[in-house]
Protein chains: 2
Amino acid sequence: MGATKTDHFSEEQNRLANRMKALGHPARIAIMEYLIQVDTCICGDIVNVLPLAQPTVSQHLKELKNAGLIKGSIEGTAICYCVDKDAIAELQRYLANANLQLENKEKQCC
Amino acid sequence: MGATKTDHFSEEQNRLANRMKALGHPARIAIMEYLIQVDTCICGDIVNVLPLAQPTVSQHLKELKNAGLIKGSIEGTAICYCVDKDAIAELQRYLANANLQLENKEKQCC
DNA sequence: CTTATTTATCGTAATATTGCAATATAGTAT
DNA sequence: ATACTATATTGCAATATTACGATAAATAAG
């Protein structure tokens, strides 16, 4: 084995897991934080900001894009990447809801 | 290679990535959702709820525990697992803050 | 003590991820 | 066309993850 059994879970569970997984690497967290921090999204210097080689960064960007967390568009010679606000908002809502359900629990044992 | 270069990133980035990674699998999302949904946390039937073999579920529970997302305590013959509210709250706050920063952006290109 | 019952661990095969050197691609400028 | 710059893709080695059968450990019931 070694392959995730995606077919046994709901589409939402798989989509969520995919996005969480995309954020499940410190380099990709760092990329997201950088993209959020920089006010504009003309970001031709991500490679210089990270302690990783250019192909590695490119691959991480690709994974973030595949997970729908960032968007990219060609901007002349450079490429413009930015965070997909909706995706982050969706994740945030999901966790906020989980939080709410936990707050409303009566029995608390552990 | 194949090993994550954790030492190049901040402790917070690594901790966050670890928790996100733990949520980065549909089975573990399903486990969390079940633990949240069930009002009490005496949960001896997680295996029956999931479409996976018992050792696999046990392993997923272990990963969630290692990431600090759930807590477990022995309850006679069964084991009592429940969600760590603080961990979820921390993730939620992180994303809420990211969201806020994105809302306040002036330039929006992509 | 023996037998269930429940959860954990070990061992292992299949697959995925991480990281980077080398190379390719695409646009800009001279 | 040539050189330059920025990003992507390929190929590959090292390591990690996923899944499960077999087995162990621990407690409960008879």
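The sequence lines fix the lettering, A, B, ..., with proteins before strands; numbering per chain opens at 1.
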(request) Could you pick out which residue, Gln54(A) or Gln59(A), lies toward the 5' side of DNA chain D when each is mapped onto its nearest nucleotide? (result) Gln54(A)

(request) Pick base, sugar-phosphate or nothing for Thr4(B), based on heavy-atom distances below 4.0 Å to the nucleic acid. (result) sugar-phosphate

(request) Check whether any side-chain N or O of His60(B) sits under 4.0 Å from OP1 or OP2 of dT17(D), and answer yes or no. (result) no

(message) When you measure from the side-chain N and O atoms of Lys62(B) to the phosphate of dT7(C), is any distance below 4.0 Å, counting only OP1 and OP2?
(response) no

(message) Closer than 4.0 angstrom, basic N to acidic O: yes or no for Lys21(A) and Glu63(A)?
(response) no

(request) Indicate, with a heavy-atom threshold strictly under 4.0 Å, whether Thr56(A) touches base, sugar-phosphate, or nothing. (result) base

(message) By nearest atom, which of the nucleotides dT18(D), dA8(C), dA19(D) is closest to the Arg28(B) side chain?
(response) dT18(D)

(request) Could you tell me whether a side-chain N or O of Arg28(B) sits under 3.5 Å from a main-chain N or O of Leu23(B), the two making a donor and an acceptor? (result) no

(message) Please report the distance, rounded to the nearest Å, between CG in Leu64(B) and C1' in dA8(C).
(response) 16 Å

(request) Can you tell me the distance, in whole Å, between the CD1 atom of Ile70(B) and the P atom of dT7(C)? (result) 12 Å

(request) Round to a whole Å and report the spacing from CG of Asn18(B) to C1' of dT17(D). (result) 14 Å

(message) Which is more 5' along DNA chain D, the nucleotide nearest Ala3(A) or the one nearest Leu61(A)? Just name the residue.
(response) Leu61(A)

(message) Is Tyr81(B) close enough to dA8(C) that one of its side-chain N or O atoms is under 4.0 Å from OP1 or OP2 there?
(response) yes

(message) Classify Lys21(A) by what it touches in the nucleic acid, base, sugar-phosphate, or nothing, heavy-atom distance under 4.0 Å.
(response) sugar-phosphate

(request) Please state whether the rings of Phe9(B) and His25(A) are parallel, tilted or perpendicular, taking 30° and 60° as the class boundaries. (result) perpendicular

(request) Send over the distance from His25(A) NE2 to dA16(D) C1', rounded to a whole Å. (result) 11 Å

(message) Taking any heavy-atom pair under 4.0 Å as a contact, classify Glu63(A): base, sugar-phosphate, or nothing.
(response) sugar-phosphate

(request) Quick one: pull up CG in Leu35(A) and OH in Tyr81(A) and give me the separation to the nearest 0.5 Å. (result) 9.5 Å

(request) Figure out the CE/C1' separation between Met20(B) and dT17(C), and round it to whole Å. (result) 19 Å

(message) Tell me the interatomic distance from Lys5(B), atom NZ, to dT17(C), atom C1', rounded to whole angstroms.
(response) 15 Å

(request) Can you tell me the distance, in whole Å, between the NZ atom of Lys65(B) and the P atom of dT9(C)? (result) 9 Å

(message) Quick check against the 3.5 Å criterion: does Asn14(A) have a side-chain atom that pairs as donor or acceptor with the backbone of Ser10(A)?
(response) yes

